Amino acid sequence: MTRTTGTATGTYDDMNRLMSLMTGDEKHGPAATSTLDALWVLYERVLRVTPGTVDAPDRDRFLLSKGHGPMAYYAVLAARGFFGEELLPGFGTYGSPLGHHPDRTLVPGVEIGSGSLGHGLPLAVGSVLGLRAQGLTDPRVWVLVGDAELDEGSNHEAIAYAGPAGLEQLHTVVIDNASASYARTGGIAARFEVAGWSVASVDGRDHEALYAAFTAPHPGRPRAVVAHVDPKN
């Protein structure tokens, strides 16, 4: 794993500059920018993990299931000091740890290798169960998925299991940028609600609304936050 670290001195105002350092995957630009605000609020104000605690047993875990177009993720990690921003211009090039999909063995702070879509939420369920088996009930597991990923049956199995199992440590952020192929009766939030999750729907660009939704109590139930984002904005 690359252990180059930086200093957590970046601000949200640095995001456009940091993302502009990464070129060669412009087709996934909207996929990246749609996640930016949710990622920033999580890493700045919510997640209990730092560059110094990436291996600590009691850290929060963040799983990026929406792994294509990871430029916003890399920019946030660099701004928070997980690695130096000098790595960003090498994004996607031979020998760079920053691939077009994040690799947990190469990038500090990355919990899973994000490849095929639809795997992150089931992995998050398994992570919570693994933590419980070790007696670790304080660390929270967060997973960020895209709305189109919910077309995958693996996600529906995870949603259906996590609610009745009362996986309170599990938090799912769904970035809804209207890219799903299939409509859902009542919308995305209803799919989680019917399975017994605590659910909120918010403007995915509103930092205060995101923070309130991320930190709302949900005793005995997993939490889902549906963040609506205009893909053209």
Side-chain angles (χ1 to χ4, degrees), residues 1-6 8 10 18-19 21-22 24-25 28 31-32 34-36 38-44 46-134 136 138-146 149 152 154-155 158 162 167 169-175:
M1 177 182 289
T2 300
R3 286 294 182 186
T4 301
T5 58
L18 293 176
M19 290 182 67
L21 298 175
M22 293 170 278
D25 192 22
H28 283 132
S34 67
T35 68
L36 177 59
L39 286 168
W40 179 259
V41 173
L42 282 171
Y43 273 92
E44 185 194 31
V46 178
L47 290 174
R48 297 174 299 189
V49 62
T50 67
T53 62
V54 292
D55 296 318
D58 62 348
R59 73 189 183 279
D60 284 349
R61 276 75 168 167
F62 174 78
L63 284 57
L64 181 70
S65 186
K66 185 178 167 70
H68 57 297
M71 293 82 80
Y73 187 38
Y74 291 152
V76 170
L77 289 176
R80 302 305 299 167
F82 287 85
F83 56 82
E85 68 173 77
E86 66 274 6
L87 293 179
L88 297 177
F91 165 68
T93 61
Y94 182 79
S96 171
L98 306 183
H100 287 180
H101 291 269
D103 187 328
R104 72 178 184 84
T105 68
L106 299 177
V107 186
V110 171
E111 296 282 355
I112 61 170
S114 302
S116 298
L117 295 173
H119 292 172
L121 183 51
L123 287 169
V125 169
S127 297
V128 171
L129 294 175
L131 289 168
R132 282 187 171 188
Q134 299 173 72
L136 296 171
D138 191 47
R140 301 167 300 186
V141 177
W142 292 79
V143 57
L144 186 149
V145 307
E149 284 190 83
E152 299 283 349
S154 56
N155 284 293
L167 300 187
Q169 290 169 264
L170 177 62
H171 303 74
T172 300
V173 182
V174 183
I175 302 298

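All values derive from a computational prediction rather than experimental measurement. Worth knowing before you read on, the calculation uses all heavy atoms, side chains too, and leaves out hydrogens, waters and symmetry mates. Counting from 1, the numbers follow the sequence of the chain as shown.
Without hydrogens or angle criteria, E149 side chain to G146 main chain gives a donor-acceptor distance under 3.5 Å. Formation of a donor-acceptor pair under 3.5 Å by the H171 side chain with backbone atoms of Q169 is found in this model. Using a distance-only test at 3.5 Å, with no hydrogens or angles considered, no donor-acceptor pair links the side chain of R61 to the main chain of V141.
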- Message: For T172 and V145: C-alpha separation, side-chain torsions, deciding distance, then whether side chain to side chain contact (heavy atoms under 4.5 Å, CB included) applies.
- Response: CA-CA 7 Å; T172 300; V145 307; 4.1 Å; yes
- Check the pair W142, L63 against side chain to side chain contact (heavy atoms under 4.5 Å, CB included), reporting the backbone distance first and the verdict last. CA-CA 6 Å; W142 292 79; L63 284 57; over 6 Å; no
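Partners of N155 according to the side chain to side chain donor-acceptor pair (under 3.5 Å) rule, which considers only residues two or more places apart in sequence or in another chain, do not exist here. Partners of T53 by side chain to side chain contact (heavy atoms under 4.5 Å, CB included), not counting sequence neighbours, listed by chain and number: V49, T50, A56.
Using bins of under 30°, 30° to 60° and over 60° for the plane-to-plane angle, the ring pair Y74/F83 lands in the perpendicular bin. Under the 30°/60° scheme for interplanar angles, the aromatic rings of Y43 and F82 are found to stand perpendicular.
In this structure, V173 and I175 have side chains that are in contact, with non-hydrogen atoms separated by less than 4.5 Å. The side-chain heavy atoms of D138 and R48, taken from C-beta on, include a pair separated by under 4.5 Å. Between L167 and V128 there is a side-chain heavy-atom pair separated by less than 4.5 Å.
A pairwise comparison of heavy atoms in A32 and A72 identifies O-CB, 3.3 Å as the closest pair. Nearest heavy-atom pair, G10 versus R80, reported as atom, atom and distance to 0.1 Å: O-NH1, 4.3 Å. Smallest separation of non-hydrogen atoms from P102 and G67: CD-O, 3.5 Å. The nearest pair of heavy atoms linking M22 to L88 is CG-O, 3.3 Å. Closest approach of A158 to L121, counting heavy atoms only: CB-CG, 3.8 Å. In terms of heavy-atom proximity, D60 sits nearest to E111 at O-OE2, 4.2 Å.
Note that NE2 of H119 and OG of S154 are 6.0 Å apart. Values are rounded to the nearest 0.5 Å. Atoms CG and CG, on L98 and L87 in that order, are 5.5 Å from each other to the nearest 0.5 Å. For the atom pair CG of L77 and CG of L39, the computed distance is 8.0 Å after rounding to the nearest 0.5 Å. Atom CD of residue E86 and atom CG of residue L21 lie 11.0 Å apart, to the nearest 0.5 angstrom. One distance of note links NE2 of H100 with CE of M71; it measures 8.0 Å at 0.5 Å rounding.
When each of P122, S65, S127 is paired with V143, the side-chain contact (heavy atoms from CB on, under 4.5 Å) condition holds for S65 and for no other. Partner of Y73 under the side-chain contact (heavy atoms from CB on, under 4.5 Å) criterion, out of L36, L144, V110: V110 alone.
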